[in-house]
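We count residues from 1, following the sequence as given. The analysis underlying the following values was restricted to heavy atoms, covering all of them including side chains, and did not include hydrogens, waters or symmetry mates.
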Amino acid sequence: MSASIPSPDGVVDNDRHHHHDHHTVEMDAAATPAPTPDTDPVGVIEAALVRLVDDVGVLAEEDVVRAFSILKATDLPTYLRLRNAAKKANRDCSVTVLDKLVRAELPGSEDDASALDELVALARAQCQLHHDADRNAVAVIPMPSRREVWRVYSSGFEDWLRAAYWRAKEMGVPETTMKSALATLAAAGINDGEEISIHVRAARCDDGYLIDLADEQWQAIHITVQGWRVVNESPVYFTRTPSMRPLPMPVPIGVTHGDVGLLWQHTNIPADCCVMVLAWLLDCFRPDTPFPVLELVGEQGSAKSTTQSVLRSLVDPNKVMLRGRPKTVEDVFVAAANNWLGSYENLSGLTPEQQDAFCTLATGGGFASRQLYTNGEEHVMETKRPVVLNGIAVVATRPDLIDRVIHVDLPTIPADARRDEADTHAGWERDQPTVFAGLLDLFSAALAILPTVKLTQKQRMADYERLGEAVARALGFAPGEFQQQYAELVRAGIDRALESNAVAQALDKYLADRILPLNWQGTAGQLYDLLNTHSIPDRSSWPRSPKGLSDQLRRIAPAYRAKGIDITHLGHSREGACWRIAQTRAQTNPATPPGIEGGTRYGAHRE
């Protein structure tokens, strides 16, 4: 197929093959030679179309390909009409194969492969194509000094592919060609590649945990009970998002000791909350357990945003360290899919749906919506992430979220003790590697103690409570001190939950007038009438029916149970839903939280 393509003048007129009757064909058969591609390409193709009905291989015959090639170079309209006729003659034939053969036949095509083919061949030669559990294509790119892992449909992989093509050809890639190449590579990874697990920022491994530094060398930190070390290639696959930024390189062991105590010179955390904050920081690196939500509350001038930025820089540095209030529940899950740590500032309040979304994020769950450009297929975002919030007023007001919250009240900083932004930033840049190394030292020590921690009574976030107890012991506190402090925090959260609930306010007033021990039983309608007689400051959220009251009772029942009052649904009778309210036990004395003077490895606290 290397002969030259004739000019349009050498092509026989198309119309001379029409209106031949059978008798004329028989008379001229002996005198007229069979058509050839060079003399009569149309005749060759028309004869092939007759045979194509029963033989799909006709389109790959040398003369037929040659004839189509001549028409494409000299008479494109006729080429397109006959190509379409081939599709109609036999639906099983492959015009795609024909197009590829025609391209190879045309001058110069054998020497210059298409950019699409080059891109795909380049990527397949330099990377391994796989897919994750959700059948999203993943590219693993081995390099002499590092190993990169990107989702095929990501800006990171696209940038790598464009750079690789530039190094090979010194040419750019058109957008349409890049999209076609990514689609081809994704199909290869999904259908031919193995299923692998992909992680972001933190991962569990057999003997400890791994933290992705997200640096240019794609290094990670391996933490075990024996200590920690920086590894050049992680034993698990870490990928990245465009907004991720690198963690500080911790000071090497032996060069100088890490010092987590320096953290308090750059944050405004009260002394009695430091252990809880340290436990929260370490828990952010444990994706195999539920995450508590850190809530920083303080008036203007209490360094809420500065404290939050410093804490985030030790867990998941990001292009945008603090985000504003999410508009929808979907915004919460979209942000979680692109960030390891959810970080929101200056919140004046969250809707009940948004608070439920943060509960789902803390323990793991998903959000489903209709897939764009489809009639009914769902798009599901499933994830589990640590979260930190701040605001002037309490943000978590629903009992479910309060159960998961580590609440910290930040004190106001006097005017003469404030520092300007430049000094604050420079000081933290200096101390951050040392603090991070100290945090890793503490993580390793806590992991060594963790198997010995046994909790007789557990709060809802029991995994955090157990880690916190190990952290406190590693810092020199006596066994049980952290658990007492955390129990007091939970009790304070219960009080906040009830203070913000209209039904709880009325119920407290009703219970205050009763003679103990309390044992009330009746219908929701009867209780609704009893509570309606008590005045409360804000009745905007007051239930409008006994059924609404029953819903509220189910929501506040766990909080009252923790206070020693059992609210139980007894079922339905003819009169309606039946409830019992009874006292179960007296409240325990509040615990004394461990202070700064209790530990031996705490570090100095900023005055």
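Side-chain N or O atoms of S313 include one that pairs as donor or acceptor with a backbone N or O of V310 at under 3.5 Å. Side chain of S444 to backbone of D441: no donor-acceptor contact under 3.5 angstrom is found.
Sequence neighbours left out, the pairs with a member in residues 191-205 that pass salt bridge (charged side-chain N to carboxylate O under 4.0 Å, His left out) are R201-D316, R204-D288.
W160 and Q126 get closest at one heavy-atom pair: CZ2-OE1, 3.6 Å. The two residues F238 and V149 have their closest heavy-atom pair at O-CB, 3.3 Å.
Around the NZ atom of K384, the shell of radius 6.0 Å holds more than 12 heavy atoms that belong to other residues, nucleotides or ligands.
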* To do: With side chain to side chain contact (heavy atoms under 4.5 Å, CB included) as the test, would you mind laying out the steps for I211 and W228 before giving the verdict?
  => CA-CA 10 Å; I211 302 172; W228 58 269; over 6 Å; no
* Stepwise side chain to side chain donor-acceptor pair (under 3.5 Å) test for Q226 and T224 -> CA-CA 5 Å; Q226 285 81 30; T224 67; 3.2 Å; yes
* Asked: Hey, mind stepping through E175 and K179 against salt bridge (Lys or Arg N to Asp or Glu O under 4.0 Å) and telling me if it holds?
  -> CA-CA 6 Å; E175 193 65 31; K179 288 182 178 179; 5.1 Å; no
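Proximity of the aromatic rings of F291 and Y464 is defined here by a centroid distance below 6.0 angstrom, and this criterion is not met. Ring centers of Y344 and F358: under 6.0 Å apart, within the cut-off.
Considering T383, V387, N318 in turn, N318 is the only one that fulfils the side chain to side chain contact (heavy atoms under 4.5 Å, CB included) rule with N339.
With a 4.5 Å cut-off on side-chain heavy atoms, V388 and R312 do not count as touching. At least one side-chain heavy atom of I269 sits less than 4.5 Å from a side-chain heavy atom of T307. The shortest side-chain heavy-atom distance between S343 and L322 falls under the 4.5 Å cut-off. With contacts defined as side-chain heavy-atom distances shorter than 4.5 Å, the pair R135/N191 qualifies.
Between the side chains of W150 and T239, no donor N or O sits under 3.5 Å from an acceptor N or O.
Geometric assessment of R240 against the ring of W218 yields a positive cation-pi assignment under the 6.0 Å and 45° thresholds.
In this structure, NZ on K327 lies 11.5 Å from CD on Q354, to the nearest 0.5 angstrom.
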Under 3.5 Å, which donor-acceptor pairs link side chains of residues 164-171 to any protein atom two or more places apart or in another chain?
unit_1: Y165; atom_1: OH; unit_2: E118; atom_2: OE1; d: 2.8
unit_1: K169; atom_1: NZ; unit_2: E118; atom_2: OE2; d: 3.2

